Amino acid sequence: MDTSRMGEHTRCVRAGERLDRAVGGVTTPIHTAAAYMAAADVEGAYRYPRYGNIPTQEAPAEKIAALEGAQAALVTASGMAAISAALLSVLGAGDHVVLQADLYGGTHRFLLAELTRLGIGFTLVPEADPARLEAAVTPRTRAVYVETPSNPLLRVVDLEGVAAMAQRRGLVSMVDNTFASPINQKPLALGIDLSLHSGTKYLNGHSDLNCGAVAGSRALLAPVRERAVNFGGTLNTYDCFLLERGMKTLALRMAKHNDNAMAVAQFLAARPGVAAVHYPGLPGHPGHDIARRQMRGFGGMLSFTLACPPAAAREFVDGLELALEAVSLGGVETLVCFPAVTSHAKMSRQDRLAVGVTDTLVRLSVGCEDAADIIADLGRALDAAGIA
Ligand SMILES: Cc1ncc(COP(=O)(O)O)c(C=O)c1O
């Protein structure tokens, strides 16, 4: 069914589906075969799971493309599979990429460990904006990569400005759109070439699956797909089923995440023991104006810095009952973590502090529970830890 003129909730529910016509089932069946007898309905390729072209794999990819406003999308075995395939679709030995400095720790690790080994240069730009990113462009630069809002400090980058700069300088522009989700932010409409996701997070939304996605034009997706197929990074059929099912409620979930996170951010901002709240929905956030322009909701992620010794911050997190201390984010349950010892643990202390990840920075993935319950939990734990 063509859902392109339909609303976002409809696209979440119906776009990309491959209904089970054989028995009249109203969902996409899990095709378990790893060998297919005929290629008649596949353009120029046999169906094979690693190629990512069996119907259970095509369904979530098409749904993501429909939500990103992209010609095509690919689902991958993890967010890092999406990020690595996208970067290596453009970059080869001797090339260079410009990136924003405050990135998800795993992406940072990939740059240090893999790009360096492959002879690909990179420059990390602190306080990234289009002008600072452009200043780092060299004759060998092929791509510009940003993450907005960023993990874990929720920094906001002007995507329209980055896209315009990339077009002027002949670069492929990429954004990690994980924190926003395609409901809150549509990078391709702002001129960005590739939108990337850890689908482990909001796309799936239930903390029971590791996956990723890349969306963009057919022309740019082709080499991304080739990398993912050659490196074996496509997503298996069972997880594709879970991902497609999870995404049916993406727009519904994001509306609740947006409302809950705003209420929690306002509550925390009013507590004297909270030195700073990093949430783009707060008017005082340095990226608020850009976020208002390029996002349709501010998302469910926030972080905050506690004005207390690390031991008291630890006591606060230990005192939480509803919020679960865990890595990852974007699920229906509220999760809390210390980025210094989780997402950014592999960074040197110096690099970590340089990007603003201090020992009392707490990251909160605000879930879909009742906002009043989340706030009561936070308030109780702050009080118990003696944090005003
Ligand atoms: C913003 C962001 N991008 C990418 C990733 C990597 O995704 P995955 O763990 O699915 O490989 C993560 C994981 O936490 C993330 O938070």
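Note that ligands are numbered from 1 as they come in the structure, with each ligand's atoms numbered from 1 the same way. Just so you know, these numbers come straight off a predicted model, no measurement behind them.
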Are the charged groups of R168 and E134 less than 4.0 angstrom apart, N to O? yes

Sequence neighbours left out, what pairs pass side-chain hydrogen bond (donor to acceptor under 3.5 Å, both in side chains) with at least one residue falling in residues 82-91? none

Regarding D359 and R352, does a basic nitrogen lie under 4.0 Å from an acidic carboxylate oxygen? yes

Sort and list the pairs that fulfil salt bridge (charged side-chain N to carboxylate O under 4.0 Å, His left out) and have at least one residue in residues 179-200, not counting sequence neighbours. E8-K186

Only pairs under 3.5 Å count here: list side-chain donor-acceptor contacts from residues 299-311, not counting sequence neighbours, and write none if there are none.
{"unit_1": "S303", "atom_1": "OG", "unit_2": "P152", "atom_2": "O", "d": "2.7"}
{"unit_1": "T305", "atom_1": "OG1", "unit_2": "H278", "atom_2": "NE2", "d": "3.3"}

salt_bridge(E17, K63) N-O dist < 4.0 Å: no

Please give the N or O to N or O pairs under 3.5 Å between ligand 1 and the protein, distances rounded to 0.1 Å.
{"unit_1": "ligand 1", "atom_1": "3 (N)", "unit_2": "D176", "atom_2": "OD2", "d": "2.6"}
{"unit_1": "ligand 1", "atom_1": "7 (O)", "unit_2": "S198", "atom_2": "OG", "d": "3.0"}
{"unit_1": "ligand 1", "atom_1": "10 (O)", "unit_2": "G79", "atom_2": "N", "d": "2.8"}
{"unit_1": "ligand 1", "atom_1": "10 (O)", "unit_2": "S198", "atom_2": "OG", "d": "2.8"}
{"unit_1": "ligand 1", "atom_1": "10 (O)", "unit_2": "T200", "atom_2": "OG1", "d": "2.7"}
{"unit_1": "ligand 1", "atom_1": "10 (O)", "unit_2": "N210", "atom_2": "ND2", "d": "3.2"}
{"unit_1": "ligand 1", "atom_1": "11 (O)", "unit_2": "G79", "atom_2": "N", "d": "3.0"}
{"unit_1": "ligand 1", "atom_1": "11 (O)", "unit_2": "M80", "atom_2": "N", "d": "2.8"}
{"unit_1": "ligand 1", "atom_1": "14 (O)", "unit_2": "K201", "atom_2": "NZ", "d": "2.8"}
{"unit_1": "ligand 1", "atom_1": "16 (O)", "unit_2": "N151", "atom_2": "ND2", "d": "3.2"}

